Amino acid sequence: MDSVLRMAATVPVLLLLPGDRTFAGPSTTLFLPSSRRRISALRSGVPALKPCAVSSPSVPAPEAAVEVQKIAPEEESEKEKEKIVLPTNESSEKLLRIRHSCAHVMAMAVQKLFPGSKVTIGPWIDNGFYYDFDMEPLTDRDLKRIKKEMDRIINRNLPLTREEVARDEAQKRIMALNEPYKLEILESIKEEPITIYHIGNEWWDLCAGPHVDSTGHINKKAVELESVAGAYWRGDENRPMLQRIYGTAWETEEQLKAYIHFKEEAKRRDHRRLGQDLDLFSIQDDAGGGLVFWHPKGAMVRHLIEDSWKKVHLQHGYDLLYTPHVAKADLWKISGHLDFYKENMYDQMDVEDEFYQLRPMNCPYHILVYKRKLHSYRDFPIRVAELGTVYRYELSGSLHGLFRVRGFTQDDAHIFCLEHQIKDEIRGVLDLTEEILLQFGFRKYEVNLSTRPEKSVGSDDIWEKATAALRDALDDKGWDYQIDEGGGAFYGPKIDLKIEDALGRKWQCSTVQVDFNLPQRFDISYVDSNSEKKRPIMIHRAVLGSLERFFGVLIEHYAGDFPLWISPIQARVLPVTDTEVQYCSEVVSRLKSNGIRAELCYGERLPKLIRNAEKQKVPLMAVVGPKEVENKTVTLRSRFGGELGTMAVEEFIRKIQFAVETRTRL
């Protein structure tokens with residue numbers, strides 16, 4: 001038996017432990033610190049264009065920076081690490097200038113190679129830059145030509161100079177070049193004077209800067225063109241389709257190599273590929289884009305997530321709700337969604353001369369449940385929670401696996417409370433959030449407290465009290481947080497929490513929002529101690545965000561190697577020959593009767609059975625040969641712990657149950 005296991009063990013298997021953050025390749029450890037905000041490069045304030053094509057820029061990551069720790073092979077035993085920290089646009093103005101200048105250099109190169117192409121906008125973004133062109137579709141071969149032309153422009157060390165001109169002069173120059181998009185941008189610029197940046201005396205663009213002093217300040221070996229995607233002008237599907245070229249740029253060649261390595265690792269963890277390889281979910285063309293089909297294995301993980309979520313909420317004093325997926329359109333008029341959110345909602349349905357609407361939110365339903373009876377001040381706080389499926393209108397080009405879908409299930413909850421209870425309720429939400437996220441292995445967060453914007457509803461007094469309550473709750477919790485002045489919703493202040501995954505990427509996940517708007521719109525009330533009607537405070541909160549998106553993050557965080565407690569198949573029983581199949585069936589039955597998700601696989605040679613289990617990322621394999629049958633035992637092999645020895649079936653069961661209970665691995 002040992003020789004067979006050793007032979008199977010020679011199959012190369014990559015084990016990915018998010019806690020260790022150790023990856024394949026040149027012994028490199030990658031981290032992604034936060035890039036706190038996206039800065040528009042456009043003075044005109046032109047909104048980002050919505051993508052239309054299915055192709056996407058490099059790796060969709062929520063934040064932009066990477067820190068790399070390289071371990072030379074000869075130094076691996078000592079774990080001596082050479083750190084390469086990749087800066088962000090916020091931490092390095094030099095990098096921001098490089099990326100912005102690269103967009104201009106690329107536009108100049110495109111117009112040299114493709115006369116007649118029209119330029120639009122070219123900002124810097126988290127990982128690099130892009131520029132949109134009105135031209136014929138581009139190919140990968142075209143990208144290589146454009147990069148070579150960019151290199152020539154960089155080698156010439158052409159100066160980038162700023163010029164201020166009158167609006168009439170700018171318009172005259174744009175019309176002379178026949179650049180209609182630039183003319184439209186010029187019309188949207190309200191400030192004077194108009195600024196132009198030149199590259200040498202050969203090319204110029206409307207731009208507010210900043211840029212490097214000359215093209216020679218760009219390291220051509222630290223620049224790479226990544227992909228081409230379609231994008232509608234100004235994000236309007238009724239406007240022309242443009243060609244968007246994405247590029248990445250860094251200060252040094254080493255930084256570029258580190259970023260490329262990160263991209264490769266992110267690609268290997270892509271939840272869309274793993275979802276197919278591990279048979280977790282699919283999006284069926286016959287049903288429509290953005291609609292998720294949960295396969296048996298994925299559905300099992302979802303069931304375990306939901307079950308854990310419900311258990312924690314019940315322990316924290318929440319009542320569970322189930323509410324309809326549609327409602328009369330009048331409900332969404334009262335809530336304000338038809339006025340402020342209509343573009344994200346599907347068309348109404350005519351049902352017996354009344355109009356109904358698929359719900360984009362769960363909030364109005366929970367308010368209707370609250371309004372079903374009169375409440376006393378003694379009833380508070382009232383906490384209700386629901387795993388409610390909602391539907392949002394999304395353009396096909398913006399859909400992205402589980403991260404951007406048209407139908408998804410929010411882990412929604414609402415708390416109705418009195419003013420003096422806000423702080424304690426927020427603190428309770430923070431504790432519950434931490435408890436749930438820790439179960440899934442997320443221990444690092446970025447927290448932001450967003451305060452009152454210029455336009456808002458509610459009195460100064462209640463805003464001050466609510467904001468102070470959120471701040472005090474965070475201080476009590478001991479979490480570090482940033483203040484986002486004026487970043488709150490118009491209806492109340494909020495706390496946003498981003499979780500950090502195994503690659504260091506930060507994903508918007510949990511949110512807590514105080515709402516002064518909906519209680520007023522729905523005229524909800526309670527009776528206070530003086531028998532007078534008062535309006536309660538409403539708190540919106542979500543921990544996971546949506547089950548679909550959270551599942552996608554979870555897949556990429558663990559690279560499909562789920563913790564034992566949520567692994568769809570926890571153990572696979574493998575006979576050495578078909579002679580042991582009967583005993584293996586008995587073992588599987590005993591495992592299942594003890595609540596363990598197990599299956600029997602046979603019909604192949606043992607090394608192939610083990611390889612198949614490894615590919616499917618089954619955490620535990622129980623190998624059975626003649627001796628195991630004779631002694632009523634199994635020989636246990638773990639993806640993470642290697643060979644764990646031979647043991648009785650009851651001991652095997654106890655080990656699994658203990659690991660599941662303690663959320664650990666064998």
Side-chain angles (χ1 to χ4, degrees), residues 269-314 320-323 325 362 385-392 399-412 436-437 439-442 507 509 542-573 588-589 591-601 612-613 615-620 639 656 659-660 663:
R269 290 169 174 258
D270 191 318
H271 73 281
R272 295 167 298 178
R273 182 183 65 82
L274 288 171
Q276 181 176 348
D277 293 347
L278 302 178
D279 196 20
L280 300 172
F281 72 91
S282 65
I283 295 174
Q284 302 285 341
D285 290 338
D286 290 343
L291 303 172
V292 181
F293 286 73
W294 296 75
H295 299 180
K297 290 181 180 179
M300 175 55 70
V301 178
R302 173 171 174 161
H303 163 72
L304 295 165
I305 293 172
E306 290 183 353
D307 192 54
S308 173
W309 184 92
K310 291 176 183 177
K311 181 178 179 181
V312 171
H313 278 76
L314 290 172
L320 300 181
L321 299 179
Y322 294 93
T323 57
H325 291 217
N362 298 307
E386 176 180 14
L387 293 167
T389 301
V390 298
Y391 304 89
R392 307 272 176 88
L399 301 175
H400 181 82
L402 296 175
F403 293 157
R404 197 73 177 265
V405 294
R406 287 171 169 156
F408 54 92
T409 301
Q410 288 184 315
D411 70 316
D412 236 343
I436 290 177
L437 294 179
Q439 289 187 359
F440 297 100
F442 296 107
W507 301 88
C509 187
V543 177
L544 306 179
S546 81
L547 293 185
E548 286 76 7
R549 189 169 186 269
F550 184 76
F551 186 43
V553 173
L554 205 63
I555 292 170
E556 297 198 3
H557 178 60
Y558 287 106
D561 269 313
F562 298 114
L564 184 63
W565 76 276
I566 56 168
S567 182
I569 299 296
Q570 294 171 313
R572 186 172 282 186
V573 181
V588 169
S589 296
L591 293 173
K592 287 184 175 180
S593 66
N594 282 276
I596 295 167
R597 297 181 294 281
E599 64 182 10
L600 168 63
C601 286
N612 291 341
K615 287 180 180 179
Q616 288 299 303
K617 302 183 186 294
V618 178
L620 298 171
R639 273 182 58 76
I656 295 178
V660 168
R663 301 293 195 261

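No experiment lies behind these values; they were computed from the predicted model shown. Any value given below was found using the heavy atoms of this structure, including those in side chains, with hydrogens, waters and symmetry copies removed.
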- Partner set under ring pair (Phe, Tyr, Trp, His ring centres under 6.0 Å) for H303, not counting sequence neighbours: none
- Ring-ring centroid check F551 H271, cutoff 6.0 Å: no
- Aromatic ring proximity W507/F403, centre distance under 6.0 Å: yes
Please report the shortest heavy-atom distance between [X] and [Y], naming the atom on each side.
| X | Y | value |
| --- | --- | --- |
| L564 | P619 | CD1-CG, 3.7 Å |
| Q410 | V390 | OE1-CG1, 4.0 Å |
| D270 | E556 | CA-OE2, 3.6 Å |
| Y558 | G441 | OH-CA, 3.5 Å |
| P568 | K297 | CB-O, 3.5 Å |
| W565 | L304 | O-CD1, 3.6 Å |

Are [X] and [Y] side-chain neighbours, meaning at least one heavy-atom pair lies under 4.5 Å?
| X | Y | result |
| --- | --- | --- |
| L591 | V573 | yes |
| M300 | I569 | no |
| F440 | I305 | yes |
| Q439 | I566 | no |
| I283 | L399 | no |
| V553 | F442 | yes |
| Q570 | L620 | no |
| L280 | F562 | yes |

- Is it true that E548 and R302 have a side-chain N and a carboxylate O under 4.0 angstrom from each other? yes
- Item | Check: N594 side chain, I596 main-chain N or O, donor-acceptor pair, under 3.5 Å | no
- Message: Here's a test for you: under side-chain contact (heavy atoms from CB on, under 4.5 Å), which of D412, V312, I436 qualifies with V543?
- Response: I436
